[in-house]
Amino acid sequence: MTPSSLGGNGGNNFHKDYVKSWSLENTSSNIPRWQYGDLYTSAASDRWMESASYLNFQSFTVGYTLPKKLLKSVAKIRVYAAGENLGFWSARKGLDPRYSFEGNENSVNVYSPIRNISGGVQVTF
């Protein structure tokens, strides 16, 4: 939420909450005044502390082998389904709390894991 202080900083992104910052019209805001060139708006403070608690449904596999009495010409039939990264719930806005973002070098090209769902049938003759 740091306002740009240099004219050549075009293309910067700002957090959406900057529009809720303190102003004469919004005196009840807990977000400091946002002003171009202000060096102290995003200074170190416990104001930036947030809970990084989350619940992650990482992986799940389920399968079923059909009973032999249902099978005549096959030794075994197994049906299965598997999934990875099935659910992620966090009250944390913005960055993924599963990763460490200390400085700029660690936060380049970090994406949340892709959800993967697969299934199949295994037939043994």
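Side-chain atoms are counted along with the backbone in the values below, which use heavy atoms only and exclude waters and symmetry mates.
- Under a hydrophobic clustering in which Ile, Leu, Val, Met, Phe, Trp and Tyr are joined whenever their side-chain heavy atoms come within less than 4.5 Å, directly or via other members, Leu66 and Val74 fall into the same cluster.
- Taking the side chain as every heavy atom from C-beta outward, Asn26 and Ile31 never approach each other to under 4.5 Å.
- Nearest heavy atoms, Ala82 versus Thr61: CB-OG1, 3.8 Å.
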Working for side chain to side chain contact (heavy atoms under 4.5 Å, CB included), residues Tyr54 and Trp89: CA-CA 6 Å; Tyr54 64 88; Trp89 299 273; over 6 Å; no
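- Hydrophobic cluster membership is shared by Phe57 and Val62, with clusters built from Ile, Leu, Val, Met, Phe, Trp and Tyr side chains linked at under 4.5 angstrom.
- Between Ser53 and Ser90, the shortest heavy-atom distance links the atoms O-OG, 3.6 Å.
- For Ile114, the CD1 atom is loosely surrounded, since the number of other residues' heavy atoms within 6.0 Å does not exceed 12.
- To the nearest 0.5 Å, atom CD of residue Glu84 and atom CD of residue Gln58 are 7.5 Å apart.
- Taken from CG in Leu86 to CD1 in Ile117, the straight-line distance is 6.0 Å, to the nearest 0.5 Å.
- Here the shortest heavy-atom pairing between Val121 and Tyr80 reads N-CE2, 4.1 Å.
- The nearest pair of heavy atoms linking Pro113 to Asn85 is CB-ND2, 3.2 Å.
- Counting heavy atoms from C-beta on, the side chains of Thr27 and Trp22 come closer than 4.5 Å.
- Partners of Thr65 by side chain to side chain contact (heavy atoms under 4.5 Å, CB included), not counting sequence neighbours, listed by chain and number: Lys76, Arg78.
- A pairwise comparison of heavy atoms in Asn56 and Gly87 identifies OD1-O, 3.0 Å as the closest pair.
- Linking ILVMFWY residues whenever their side-chain heavy atoms come closer than 4.5 Å, directly or via other members, leaves Phe60 and Tyr64 in distinct clusters.
- The heavy-atom pair separating Ser29 from Lys20 by the smallest distance is OG-O, 2.6 Å.
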Evaluation steps, side chain to side chain contact (heavy atoms under 4.5 Å, CB included), between Ile77 and Thr124: CA-CA 6 Å; Ile77 297 180; Thr124 306; over 6 Å; no
